[in-house]
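Below, read A as the first sequence line, B as the second, and so on, with proteins coming before strands; counting in each chain starts at 1. Excluded from the calculations below are hydrogen atoms, water molecules and symmetry mates; all remaining heavy atoms, backbone and side chain alike, are included.
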Amino acid sequence: MKRTHHCNELRSHDDGQTVTLAGWVHSSRDLGGVIFIDVRDREGRTQTVFDPSSLPKETFDRAAALRGESVILVTGKVRRRPEGTNNPKIASGEVEVAAQELEILNQADVLPFPVDDPEVASKVNEELRLQHRYLDLRRPEMVRNLRLRSKVATATRVYFDEQGFLEIETPILFKSTPEGAREFLVPSRLHPGKCYALPQSPQQFKQILMVAGVERYFQLAKCFRDEDLRADRQLEFTQIDLEMSFIEREDIYNLVEGLLKRVWKTALDIDIPTPFERITFEEALNRYGIDKPDTRFGLELADFTEEFRSSGFKVFNSAVANGGVVKAINAKGMACATQGQIEAMTECAKSFGAKGLAYIKVENGEWKSPIVKFFTDAEKAALARKLSIEEGDLVLFAADQWLTACEILGKIRLYCAEVLVTQGKLAVPGDRFDFLWVVDFPLLSFDKEQNRWYSSHHPFTAPVAEDVPLLTSDPRKVRGQHYDVVVNGVELGGGSIRIHQPEVQKVVFEQVLQIPPETVKARFGYMLEAFRYGCPPHGGIALGFDRLIAILCGTPSIRDVIAFPKTAKGTDLMTDSPAVVEPKQLRDLHIELKAAKKP
RNA sequence: GGGGGUGUAGCUCAAUUGGUUAGAGCGCUGCCCUGUCACGGCAGAGGUUACGGGUUCGAGCCCCGCCACUCCCGCCA
């Protein structure tokens, strides 16, 4: 080893020892007659002192010429700092190393952005940070994120090992199964014209592992989806993926609650209460207007369908007449909303297909609204009662088909909460974690444009047993044995009990999803066959590992918890990928490019 | 594919709403400084205002286009 100690190790009891530190020049203070250099490594930093009276001039001059972030090796004697010069801000602040030798391992150029000043560094343009990710990752905040990620990964592995799970790797080179997310294709050299695909998830392999008798599988699995990126979505990401045999939904709830309890304890030393609350998909939509509600605050939706069934306000009564609903929320204290905010909400509502956004402002004891003149006293009384309307409130309405109306107000609810938080009228504590299970999702959703049913989750999800007969007669009513785990309005993960009978799976593929039998055979034939040779009932779940870490780190973007993330356009600014390849490489893959090459 | 935001010195930001030679702090270079830790002092260098057009007597600012980053919608079985 080149060093004897790391930079957060020396304390006053090391006084007198001769030590060697290795690290980066964090900062240097050249006072002319004496130079202080803080040497930093990933553990912390220690002050070294270069005193010309006890050093060759040549060594002193080299120390004076060091630039920030150069890598050095300093040998010297540990000593207590003189009275009154301790630095309480750093853990090694009671001592310093009186340098005797200096080896410059790598003289750094002037940096493109500062890494020593956390105030400035955290504000640096992300483009620049990604271009020089190796510098960005030196920042303490990023080091903390990487460490926490590693710790949680280890805690996860230990937990699953304790629970009797096997960690099993599944192939990265898989087969295209174009249901669902767009896939990355990998052309085969050995098989001209054929392609592998990178897995969107190890779903099919893990189910096959259950048929194989593994019983309990888990993996920190890399997944790939060629879809547009977001703050919480990358082209490649990591899932805590697991599958178990001979279980029911309750077993998964229990297992995952145990995992998250362990993770929160390990990462944040927080005891989260279990079991988690459960809410049905229908109730989540009815109360919060979204299937992943943030339950840290109220602002719940209320239903007024019956009250407005024969209302004098045509927009409402016709919505009900068409089988829709009338719903409203009370944004407490938001009567002062600006015209701009009302417009922003209206735009949001319109993006869901609403024609407008009706509202009532309660100001100076008066209901100010373009529509309140259509309301009867009974209607007003119902509103006032169900929404506990008070001075200063803002009531917002949606009248539409059930799902649409709920979703509109769900968005509005989040928008209002954000505004109220910035105005200090609503507290949403960042250190509070509201976990819940969302259950009883509809197994199927209807695609109006393509005029067919599609799986809400994925086609392997088992229907609730008593709903199986409805599969072909009334698909809308079939509930899936699907569950999502949600925290603070973030979908942490989802899974289901799977279909383990080949004939049910076949009905779902061919009769419900209307996939032609030959396509089913080509894509999923091996699964249906496997299910015929002794398939245990099984189920599982996958948790977004990057999202999980981001929540624990308190950052809104998973880029902050991934060492080398891609930009919103899917490029890597450090390596400049994706990039043009050599014609020979394409020839080997039997590929001819049509698109114009960009240099 | 669509909508919003941002782009000015190496970095973070100004520029009195279209008006002289585009400024500040940090960083950088040089000099001074023996107890600093955001060291201090003096001096200095550093700009195609992302890029390309246009309007104007005059554009960092207005208009059109384009690029990059970012947030959102679509998309994410």
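Taking atom C1' in both B:C63 and B:A24, the straight-line distance is 31 Å, to the nearest Å. Atom C1' of B:C13 sits at a distance of 13 Å from the matching atom of B:U6, rounded to the whole Å. Look at the P atom in both B:G7 and B:U49: the space between them is 15 Å, to the nearest Å. Taking the P atoms as reference points, B:A15 lies 26 Å from B:U70, given to the whole Å. For the C1' atoms, the distance linking B:G5 with B:U20 amounts to 33 Å, nearest Å. Rounded to a whole angstrom, the distance from the C1' atom of B:A50 to that of B:A9 is 14 Å. As rounded to the nearest Å, B:A45 and B:U29 have C1' atoms that lie 7 Å from one another. Rounded to the nearest Å, the gap between the P atom of B:G46 and that of B:G10 is 11 Å.
Listed nucleotides B:C13, B:U34, B:C37 differ in distance to A:S53; the shortest reach to its side chain belongs to B:U34. Nearest to the side-chain atoms of A:A231 among the listed nucleotides B:C72, B:U34, B:C37 stands B:C72. Each of B:C37, B:U34, B:C69 was ranked by its minimum atom distance to the side chain of A:R45; first place goes to B:C37.
Scanning atom types as modelled, no donor and acceptor separated by under 3.5 angstrom connect the side chain of A:R29 and the base of B:C33. Residue side chain A:R182 does not reach the base of B:G74 through any donor-acceptor N/O pair under 3.5 Å, judged by distance alone. Scanning atom types as modelled, no donor and acceptor separated by under 3.5 angstrom connect the side chain of A:R225 and the base of B:C76.
Here the shortest heavy-atom pairing between A:V438 and A:D291 reads CG2-O, 3.4 Å.
Counting non-hydrogen atoms under 4.0 angstrom, A:L128 reaches the backbone sugars and phosphates but no base. As judged by a 4.0 angstrom heavy-atom cut-off over every strand, A:P82 is placed among the base-contacting residues. Across all strands shown, A:S455 has heavy atoms under 4.0 Å from sugar-phosphate atoms exclusively, and none from any base. Using a 4.0 Å heavy-atom cutoff across all strands shown, A:S201 reaches at least one base atom of the nucleic acid. Within 4.0 Å of A:E127, counting heavy atoms only, lie sugar-phosphate atoms of the nucleic acid but no base atom. No contact: A:R80 has no heavy atom under 4.0 Å from any strand. Residue contacts for A:K411: at a heavy-atom cut-off of 4.0 Å it reaches the sugar-phosphate backbone alone, with no base atom in range. A:L573 comes within 4.0 angstrom of the backbone, heavy atoms only, and of no base. Within 4.0 Å of A:E96, counting heavy atoms only, lies at least one base atom of the nucleic acid.
We find that CZ of A:R559 is positioned 11 Å from P of B:C69, with the value rounded to whole Å. Residue A:D232 contributes atom CG, which lies 16 Å from atom P of B:C75 at whole-angstrom precision. Residue A:E418 contributes atom CD, which lies 11 Å from atom P of B:C72 at whole-angstrom precision. Taking atom CG of residue A:D116 and atom P of nucleotide B:U12, one finds them 14 Å apart after rounding to whole Å. Note: CG (A:L31) to P (B:G41) measures 12 Å, nearest angstrom. Distance CG (A:L229) to P (B:C69): 11 Å, rounded to an integer number of Å. Atom CD in A:Q47 sits about 17 Å away from atom P in B:U34, given to the nearest Å. Atom pair A:F36:CZ and B:G40:P shows a separation of 14 Å (rounding to whole Å applied).
Distances shown here put a side-chain N or O of A:T571 below 4.0 Å from the OP1 or OP2 atom of B:C69. Residue A:K89 has a polar side-chain atom (N or O) positioned under 4.0 Å from OP1 or OP2 of B:A38. Within the structure, a side-chain polar atom (N or O) of A:R67 is placed less than 4.0 Å from OP1 or OP2 of B:U29. The side chain of A:T567 contributes an N or O atom lying less than 4.0 Å from OP1 or OP2 of B:C69. Remark: A:R230 is in phosphate contact with B:C73, judged by side-chain N or O atoms under 4.0 Å from OP1 or OP2.
Under 4.0 Å is where a charged nitrogen must lie from a carboxylate oxygen, and between A:R29 and A:D38 at least one such pair does. A:R233 has no carboxylate O lying under 4.0 Å from a charged side-chain N of A:E227, or vice versa, which leaves the two without a salt bridge. A salt bridge links A:E236 with A:K566: the closest approach of a Lys/Arg side-chain nitrogen to an acidic carboxylate oxygen falls below 4.0 angstrom. Taking 4.0 Å as the cut-off between side-chain N and carboxylate O, A:E96 and A:R79 count as a salt-bridged pair.
With both pairing distances under 3.5 Å, B:C31 is matched to B:G41 as a Watson-Crick or G-U wobble pair. For B:A68, the paired nucleotide is B:U6, the pair qualifying as Watson-Crick or G-U wobble because both relevant distances are below 3.5 Å. Pair assignment for B:U12 gives B:A24, based on Watson-Crick or G-U wobble hydrogen-bonding distances that are each under 3.5 Å. The partner of B:G74 is absent, by the rule that a Watson-Crick or G-U pair needs both atom distances under 3.5 Å.
Side-chain contact, A:T170 with A:Q219: a donor N or O sits under 3.5 Å from an acceptor N or O. A:N8 and A:H6 share no donor-acceptor pair across their side chains, judged by distance under 3.5 Å alone.
Nearer the 5' end of RNA chain B, as judged by each residue's closest nucleotide, is the contact made by A:S557, out of A:P459 and A:S557. Heavy-atom distances to RNA chain B give each of A:D228 and A:L111 a nearest nucleotide, and the one nearer the 5′ end belongs to A:L111.
A:F281 and A:F441 have their aromatic ring centers within a separation under 6.0 angstrom. Between A:F524 and A:F460, the gap from one ring centroid to the other is short of 6.0 Å.
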